[in-house]
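Quick note on labels: first sequence line is chain A, next is B, and so on, each numbered from 1.
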Number of protein chains: 2
Amino acid sequence: MVRMLTAEDLQCLKTIAVMGGCRGPVFASSQTLGTTIGSSPQTASRRLQALERTGLIDRSVNPDGQHITVTAQGEEVLRREYSEYCRIFGREETSVTLVGTLISGLGEGRYYMSLEPYKQQFLEHLGFEPFPGTLNIRLGQASIRQRKKLEQLEWIEIKGFTADDRTFGSARCLPCRIGKWPCGIVVPVRSHYPEDIIELVSPVALRDALGIKDMDTVTVEILQ
Amino acid sequence: MVRMLTAEDLQCLKTIAVMGGCRGPVFASSQTLGTTIGSSPQTASRRLQALERTGLIDRSVNPDGQHITVTAQGEEVLRREYSEYCRIFGREETSVTLVGTLISGLGEGRYYMSLEPYKQQFLEHLGFEPFPGTLNIRLGQASIRQRKKLEQLEWIEIKGFTADDRTFGSARCLPCRIGKWPCGIVVPVRSHYPEDIIELVSPVALRDALGIKDMDTVTVEILQ
DNA sequence: ATTACTAGTAGACGAGTAA
DNA sequence: TTTACTCGTCTACTAGTAA
């Protein structure tokens with residue numbers, strides 16, 4: 001009977017991998033390993049023998065310790081374990097917080113938000129009729145990096161339309177919050193926006209509702 | 001002696017979590033659980049008893065099986081494990097922003113930060129000598145959730161020591177920033193901290209440097 | 001079918017020791 | 001110091017049984 005891989009053996013294998021055993025040989029003794037896995041040196045030694053016998057580690061035993069490497073087979077075992085933990089925690093809700101300062105826009109937002117086709121779509125997808133006017137926020141350095149994560153989230157498509165011989169472009173919208181107010185980050189599909197500025201629609205005049213003015217710090221939460 | 005969490009118990013806890021035990025109660029019997037963890041129903045039953053006794057799971061035992069939920073404490077244990085696997089395989093850049101309000105601490109931070117052994121370790125690992133005094137922040141709801149991700153990051157170990165017949169405990173520290181100032185989130189290893197409060201060390205008196213007072217909003221950036 | 005006892009046993013543990 | 005053996009103990013397993 002070939003002995004099964006016990007949970008303790010796996011724990012020992014993981015410990016070696018954390019020490020860097022997947023990238024190259026790590027030096028350890030039964031004593032030090034026993035301390036980290038919470039056992040006697042004898043037991044640690046027996047674990048290493050078992051792991052070697054089952055082909056999960058390679059090692060060279062010296063009089064003063066041993067050099068241990070996790071084999072490809074051992075790495076595969078660990079990867080299976082890792083993937084199980086990813087199933088527990090991996091696809092949890094994404095939550096990104098952007099922090100920036102309030103700035104003045106060009107007043108274009110007010111115009112676009114007054115157009116019925118846009119208003120209708122925001123009402124349908126965000127659950128509120130947008131206040132005619134948008135909030136422009138200049139992001140801090142860390143938030144610019146954070147913003148890139150938003151690309152992976154599910155944006156709402158706001159369709160363009162034609163009216164009075166003019167074409168109004170499409171946009172993408174991401175639901176978010178400022179304080180208790182539901183908002184939406186709006187990004188035109190065609191024109192290129194600066195990466196440090198976001199534009200938001202909201203059901204109310206946020207400058208009044210939150211009592212904020214230019215250069216004030218604003219925190220935007222994206223929960224998905 | 002309270003029985004330690006064995007590798008087998010952890011394996012059982014993980015199995016429950018994979019079945020969805022972190023999100024809600026999962027229905028299982030000792031038989032089915034025993035099959036998946038490769039043991040007899042009796043052993044599976046004993047595992048569940050042990051996990052319940054140590055507060056890692058909640059359960060309601062019925063005549064036809066049991067409903068099992070992983071507790072917050074159990075989830076924390078799993079997250080630590082997950083973070084070790086992330087250290088082996090994952091290498092993605094994590095960036096977390098916590099937002100909360102400044103509150104007054106108990107003044108203990110000032111005392112601890114004045115102790116030379118702690119000062120030395122912070123200087124060595126964070127690159128600055130901590131200001132004698134800590135900043136306490138009460139996190140918002142979204143940030144409490146975000147905080148759990150921090151478990152996956154690499155914390156610095158601050159070793160405890162003994163002086164004047166008193167034992168000073170170990171702590172974990174995570175480098176972060178508030179504005180342009182480098183800081184560190186400090187969590188004692190032993191004593192249990194409220195999940196909505198974080199304590200930070202910094203090279204300067206942040207209340208003065210940032211001009212902030214109690215109840216002001218503070219944004220903490222963790223880049224790793 | 002379940003859970004969770006008790007009982008008997010197999011095997012894993014750490015101390016001691018040799019190389 | 002190391003590794004890895006032997007050996008005695010005691011833990012932890014499974015089978016059987018009751019509820």
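Remark: the Q49(B) side chain and the dA4(C) base include no donor-acceptor N/O pair separated by less than 3.5 Å. Judged by distance alone, with hydrogens and angles left aside, Q42(A) brings a side-chain donor or acceptor within reach of the base of dA15(C), the pair sitting under 3.5 Å.
Closest to the V61(B) side chain, of the nucleotides dG14(C), dT3(C), dA4(D), is dT3(C).
In this entry the distance linking CZ of R53(B) with P of dA4(C) reads 11 Å, nearest Å. Distance, R47(A) CZ to dG11(C) C1': 13 Å, rounded to whole Å. Protein atom CG of L48(B) is 13 Å distant from nucleotide atom P of dC13(D), rounded to whole Å. Note: CG (D9(B)) to P (dT11(D)) measures 16 Å, nearest angstrom. Between the CG atom of N62(A) and the C1' atom of dA19(C) there is a distance of 15 Å, given to the nearest Å.
Under the 3.5 Å distance criterion, with hydrogens and angles disregarded, a donor-acceptor pair is assigned to the side chains of T134(B) and E199(B). With no hydrogens or angles considered, a side-chain donor-acceptor pair links Q146(B) and K149(B) at under 3.5 Å. For S104(B) and D214(B), the side-chain atoms include at least one donor-acceptor pair closer than 3.5 Å. For the 3.5 Å distance criterion, the side chains of T43(A) and S40(A) qualify, holding a donor opposite an acceptor.
Ring geometry for Y85(A) against Y85(B) counts as parallel: the plane angle stays under 30°, on a 0 to 90° scale with 60° as the upper cut.
Taking 4.0 angstrom as the limit, R46(A) places none of its side-chain polar atoms (N or O) nearer than this to OP1 or OP2 of dG11(C). The phosphate of dA4(D) (OP1 or OP2) has a side-chain N or O of S45(A) nearer than 4.0 angstrom.
Using a 4.0 Å cutoff on non-hydrogen atoms, no part of residues 24-38 of chain B comes near DNA chain D.
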Report task. Show your reasoning for whether side-chain contact (heavy atoms from CB on, under 4.5 Å) applies to L206(A) and C183(A). Result -> CA-CA 10 Å; L206(A) 284 176; C183(A) 305; 3.8 Å; yes

